[in-house]
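Heads up: the structure comes next, in structure tokens.
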Amino acid sequence: MATAVRTSEGREGVLRVHFTPDDLARVRIAPRPDPLAETILSLHALQAADGHGVALSGWRERTRAGLVPALRPLLELAPAGPGEYLPEVFTHATTSTLAAGIDHTWSLPRRQWMADLRATRQLRPGAPCWIHALHHGDREWGRLVREALPRYHAVAVAPYWAQLTAAAHSDRAGRAATLADAGVDGLLSTLHPDIRWASPVLHVPCATDADLRLRGSGMLLVPTFFWPGPLALVDNADPDRPLVLRYPVALELAGYRAVWAQSAPMGPDGGLAALLGTTRARVLRAVEATVSTSELARRTGVSDATASHHASVLRAAGLVTTRRNGSRVLHELTPLGRALLGAGTL
């Protein structure tokens with residue numbers, strides 16, 4: 001069973017996450033949001049008029065205009081308002097593609113679907129009958145939901161995915177710098193304004209008071225855009241699986257405006273291009289293998305002077321190092337540059 005613990009206005013409670021030294025060594029930051037989880041969370045955001053306030057008003061208007069009748073049942077999966085409950089079987093995956101997330105969800109053991117159904121019955125006693133049938137493995141409803149999710153994703157999430165990924169890249173780079181400068185304590189102390197770190201315990205707001213001892217399983221930090229606060233997901237079916245803590249990458253209106261800007265270039269490095277610019281993203285990709293300035297220029301189709309300039313900018317940002325080998329000047333990625341490049345591959 002995956003247990004979700006999330007911030008709820010008007011409710012007071014704290015999830016106290018207890019870390020061992022092994023857990024602290026196993027804190028990781030995911031390179032990008034999870035496409036399926038973002039799709040489900042966006043369903044809630046679409047219906048929550050007060051969620052994110054004015055920041056999502058334009059997105060809501062465009063997304064609602066693109067909904068066709070076949071997609072409207074999905075709104076019942078993650079409703080807003082009284083009795084709201086996120087379907088946990090759809091939100092605890094950490095996959096790189098929507099198709100992989102959907103396949104992962106439908107491959108979950110039946111006991112996890114049943115645990116989610118029990119929680120649904122408790123927290124959403126008025127949930128539509130078809131949701132109960134879905135959890136019991138009804139093939140027709142399963143087919144309809146599996147077909148509807150990609151269609152809804154194409155309307156609500158896919159047009160902005162490059163920008164979402166770019167925002168995650170920027171956030172991850174900043175947190176990697178914090179980790180390098182201030183260690184794990186600095187990273188955990190700056191996760192979110194509502195999260196408090198008092199070593200060795202992380203305090204996450206939730207609906208009820210609870211204690212969680214990781215016992216060496218560690219924690220995976222996953223950026224999210226469509227949920228306004230921390231969202232902790234504990235997989236009780238697999239004690240060795242790390243705690244998944246989703247945290248919002250946009251905390252103010254400017255962060256949302258950057259995502260609603262003109263679409264970033266498509267392709268495997270679209271997110272990097274949105275963050276660095278098209279040419280500079282190509283330069284960073286070309287430095288994946290150590291290259292000289294002339295080789296860098298040839299691979300990216302620019303002059304030697306332009307290649308040298310972009311390498312200098314990336315070096316100043318801590319993404320590239322440069323060293324001289326005889327008459328040649330060689331460029332190679334720093335660990336931060338390699339992490340950012342890895343995050344850019346969808």
* Verdict with reasoning, Trp161 to Glu38, per side chain to side chain donor-acceptor pair (under 3.5 Å) -> CA-CA 10 Å; Trp161 190 250; Glu38 290 301 286; over 6 Å; no

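- Side-chain atoms of Arg172 do not come within 3.5 Å of backbone N or O of Arg32 as any donor-acceptor pair.
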* List the steps and the verdict of ring pair (Phe, Tyr, Trp, His ring centres under 6.0 Å) for Trp113 and His136. => CA-CA 8 Å; Trp113 283 87; His136 278 293; over 10 Å; no

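- Defined by atom type and a distance below 3.5 Å, a donor-acceptor pair is present between the side-chain atoms of His153 and Thr39.
- Ion pairing of Glu147 with Arg151 is absent here, as no side-chain N (NZ or NE/NH1/NH2) approaches a carboxylate O to less than 4.0 Å.
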* Between Leu330 and Thr322, does a side-chain contact (heavy atoms from CB on, under 4.5 Å) hold up when you go through it step by step? -> CA-CA 6 Å; Leu330 300 179; Thr322 301; over 6 Å; no

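- Pairing each heavy atom of Asp304 with each of Thr293, the nearest pair is O-CG2, 3.6 Å.
- Thr63 places no side-chain N or O within donor-acceptor distance of the main-chain N or O of Arg60, the cut-off being under 3.5 Å.
- Two residues are said to be in side-chain contact when any heavy atoms from C-beta on lie closer than 4.5 Å; His192 and Val204 fail this criterion.
- Ion pairing between Arg146 and Asp103 holds under the 4.0 Å rule for side-chain N and carboxylate O.
- Side-chain atoms of Ile102 and Pro150, non-hydrogen and from C-beta on, do get closer than 4.5 Å to each other.
- For the pair Glu295 and Arg328, the salt-bridge criterion is met [side-chain N within less than 4.0 Å of a carboxylate O].
- Here the options are Leu188, Asp23, Val244, the test is side-chain contact (heavy atoms from CB on, under 4.5 Å), and the partner is Met219; only Leu188 passes.
- Side-chain atoms of Gln112 never come within 3.5 Å of backbone atoms of Thr105 as a donor-acceptor pair (strictly under, hydrogens ignored).
- Within the 4.5 Å cutoff, the side chain of Leu284 has heavy atoms near those of the Leu333 side chain.
- Here the side chains of Phe225 and Pro248 are not in contact, with every heavy-atom distance at 4.5 Å or above.
- The aromatic rings of Phe90 and Trp106 stand perpendicular to each other, their planes meeting at an angle above 60°, with 30° marking the opposite boundary.
- Sparse packing is recorded around CZ of Arg139, with 12 or fewer heavy atoms of other residues, nucleotides or ligands lying under 6.0 Å away.
- Annotation: side chain of Asp209 is in contact with side chain of Arg16 (closest heavy-atom distance under 4.5 Å).
- With hydrogens and angles ignored, the 3.5 Å screen pairs a side-chain donor or acceptor of Arg110 with a backbone N or O of His135.
- Counting only heavy atoms from C-beta outward, the side chains of Arg64 and Leu46 approach each other to under 4.5 Å.
- The side-chain heavy atoms of His18 and Asp211, taken from C-beta on, include a pair separated by under 4.5 Å.
- Within the model, atoms CD1 of Ile131 and CG of Asp138 stand 12.5 Å from one another, a figure rounded to the nearest 0.5 Å.
- A donor-acceptor pair under 3.5 Å is formed between the side chain of Gln47 and the backbone N or O of Leu75.
- A donor-acceptor pair under 3.5 Å is formed between the side chain of Ser217 and the backbone N or O of Leu214.
- Of the N and O atoms on the side chains of Arg280 and His310, at least one donor lies less than 3.5 Å from an acceptor on the other residue.
- No donor-acceptor pair closer than 3.5 Å links the side chain of Asp171 to the backbone N or O of Val249.
- Using a 4.5 Å heavy-atom cutoff, the side chains of Leu43 and Tyr152 are in contact.
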* **Derivation of the ring pair (Phe, Tyr, Trp, His ring centres under 6.0 Å) call for Trp59 and Phe226** => CA-CA 11 Å; Trp59 169 82; Phe226 287 105; 4.9 Å; yes

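- Using a distance-only test at 3.5 Å, with no hydrogens or angles considered, no donor-acceptor pair links the side chain of Arg315 to the main chain of His331.
- No more than 12 heavy atoms of other residues, nucleotides or ligands lie within 6.0 Å of CD in Glu61, so this atom counts as exposed by the packing criterion.
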